[in-house]
Asks: 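Quick one: structure below, then a few questions.
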2 protein chains.
Amino acid sequence: MTPAARRVLEAAARLFYERGIHAVGVDLIAAEARVTKKTLYDRFGSKEQIVVEYLADRDDRWRAFLAQCLDAAQPVSAARVLAVFDASRAWSAKNSSKGCSMVNAHAEISDPSHPAYPIITGQKEWMLALFTDLAGDIAPGRAAQLGRTLMLLHEGALVAHGLHVFPDPISHAREQVQTLLATTGGAAAKR
Amino acid sequence: MTPAARRVLEAAARLFYERGIHAVGVDLIAAEARVTKKTLYDRFGSKEQIVVEYLADRDDRWRAFLAQCLDAAQPVSAARVLAVFDASRAWSAKNSSKGCSMVNAHAEISDPSHPAYPIITGQKEWMLALFTDLAGDIAPGRAAQLGRTLMLLHEGALVAHGLHVFPDPISHAREQVQTLLATTGGAAAKR
DNA sequence: AGCTCACTATACAGATCGGTATACTCCTGA
DNA sequence: TCAGGAGTATACCGATCTGTATAGTGAGCT
């Protein structure tokens, strides 16, 4: 990716996230990236493609960040679940003051045949699979159920964070998960 | 409100919710409502005003629906909490297959000085106050904490419902709340 | 020196945006 | 019977939208 293309993607990511996808035009993206529209279209071909790469890149970076956080966490399953919430809190503090970009993008992209659609649903499926996987180490018989509960608390915390419903909802969710795992898991299994 | 104005609001509500606010133009709204743009602007003055009335009307109808469900519920506090989730499930099945309209609108409205902003945040504050109030009847010493947890589960369920992460997440949240209240509340206080 | 390629600047096309103006019809009620 | 408000149809405004075309600049590489 050329330097100009990277600037375009960075500007688009910031603008799309802060103002919404449909509210941002390519002229503004080009201006903020200090790039002409010609260059923008030479690199990406369409606004839709910029949207797709914006979401895909954000998904990639989130997964990489989370993987790094999980690697640094203790190998105890309960600790790893909590590490996900810690990662979300750190990520949201820096990159997501308006909530989950996938959820926000989904509000603007109605057509399931839109090329960005599978990126959005894919991340949510992946997160549910991750939670279910971690839950399987804690309560093997109820992995699906516990995984879904973790998913709901996590998504709810992201939404509450974005709408500033109350202070630091991700930490609140983390605490709830902690007590939930304490009453549920009994002995948290080693991984 | 004149018949034409009502048709405009109904069409705008459907289009805004399904396609997003910025993706829908006033020409389309007028066409779908079988109304000329002249009439549309005579009644509402601006697209922004239609957005405001769309959200305010939806908020009103949700609160009325929820109040009706709570009136029909048993006067036991735990049952009333569960009745909120039952109400959300019924409401979402009919009106909210794409998730919470307030959350979705928030994704597109970044400016806190936008006239629709207080409607969005107001509903969330109101829901948190409702959950906290109900929680106060169950665990008076931990009303704020329990109320926030209920809020997170509820918001998470709405998001998961809208993104179809797994089937019927609102029922799942309801079940989790049920077990949470059983372990927490002990004897659910009468109202 | 000469070539390639990323990039810039400017202008424009066709469509659509929110918003307005004019002139008309229809229905109700006094 | 007639006035007036609600609504209609159509045409238009300036601005902005996505996307394209042409011509030129500048740095690195061989």
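All values below were derived from every heavy atom in this structure, side-chain atoms included, with hydrogens, water molecules and symmetry-related copies excluded. First the proteins, then the strands, lettered A, B, ... as listed; each starts at 1.
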Asks: Do any N or O atoms from the side chain of Arg7(B) and from the backbone of Arg34(B) form a donor-acceptor pair under 3.5 angstrom?
Replies: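 Checked: pair present.
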Asks: Base, sugar-phosphate, or nothing: which does Thr39(B) touch, judged by heavy atoms less than 4.0 Å apart?
Replies: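 Result for Thr39(B) = base.
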Asks: For the pair made of CG in Leu40(A) and P in dT18(D), what is the distance, rounded to whole Å?
Replies: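 After rounding, the gap between these two atoms is 10 Å.
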Asks: What I'd like to find out is whether the side chain of Arg43(A) reaches to under 4.5 Å of the side chain of Val35(A), using heavy atoms alone.
Replies: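 Of all side-chain heavy-atom pairs linking Val35(A) with Arg43(A), none is under 4.5 Å.
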Asks: Any side-chain heavy atom of Lys37(B) within less than 4.5 Å of one from Val26(B)?
Replies: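 Heavy-atom side-chain distance check passes, below 4.5 Å.
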Asks: Roughly how many Å is it from CG in Asp42(B) to P in dA6(D), rounded to a whole number?
Replies: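 Whole-Å distance recorded here is 9 Å.
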Asks: Quick one: label Asp27(A) by what it contacts on the DNA or RNA (base, sugar-phosphate, nothing), any heavy atom closer than 4.0 Å.
Replies: base
Asks: Across the strands shown, which category fits Val24(A) at heavy-atom distances under 4.0 angstrom: base, sugar-phosphate, nothing?
Replies: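 It contacts sugar-phosphate atoms only.
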Asks: Between dA13(C) atom P and Tyr41(A) atom OH, what is the distance in whole Å?
Replies: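 Roughly 17 Å, once rounded to whole Å.
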Asks: When only distance counts, do a donor and an acceptor, one from the side chain of Lys37(B) and one from the base of dG19(C), lie under 3.5 Å apart?
Replies: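 Under the 3.5 Å cut-off, the side chain and the base do form a donor-acceptor pair.
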Asks: Between Leu28(A) (CG) and dC17(C) (C1'), how many Å, whole number?
Replies: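 Going from CG in Leu28(A) over to C1' in dC17(C) covers 16 Å.
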Asks: So do the side chains of Ser92(B) and Leu158(B) get within less than 4.5 Å of each other, counting heavy atoms only?
Replies: yes
Asks: Do any side-chain nitrogens or oxygens of Lys47(A) fall under 4.0 Å of OP1 or OP2 in dT18(D)?
Replies: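 Indeed, a polar side-chain atom of Lys47(A) lies that close.
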Asks: Phosphate oxygens OP1/OP2 of dG7(D): is one of them under 4.0 Å from a side-chain N or O of Thr2(B)?
Replies: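 For Thr2(B), the contact criterion (side-chain N or O under 4.0 Å from OP1 or OP2 of dG7(D)) is met.
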Asks: Quick one: Arg34(B) CZ to dA9(D) P, roughly how many Å, whole number?
Replies: 11 Å
Asks: Give a yes-or-no answer on whether the side chains of Thr149(A) and Arg142(A) include a donor-acceptor pair shorter than 3.5 Å.
Replies: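 No pair is found: no donor N or O on one side chain lies under 3.5 Å from an acceptor on the other.
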Asks: Can you tell me the distance, in whole Å, between the CD1 atom of Ile50(B) and the C1' atom of dG19(C)?
Replies: 11 Å
Asks: Ignoring the backbone of Arg43(A), work out which of dC7(C), dA9(C), dA9(D) is nearest its side chain.
Replies: dC7(C)
Asks: Where the side chain of Lys38(B) is defined as all heavy atoms beyond and including C-beta, which of dT8(D), dT8(C), dC7(C) is the nearest nucleotide?
Replies: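 Within the option list, the nearest is dT8(D).
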Asks: On the nucleotide dT8(D), are OP1 or OP2 found under 4.0 Å from the side-chain N or O atoms that Arg7(B) carries?
Replies: yes
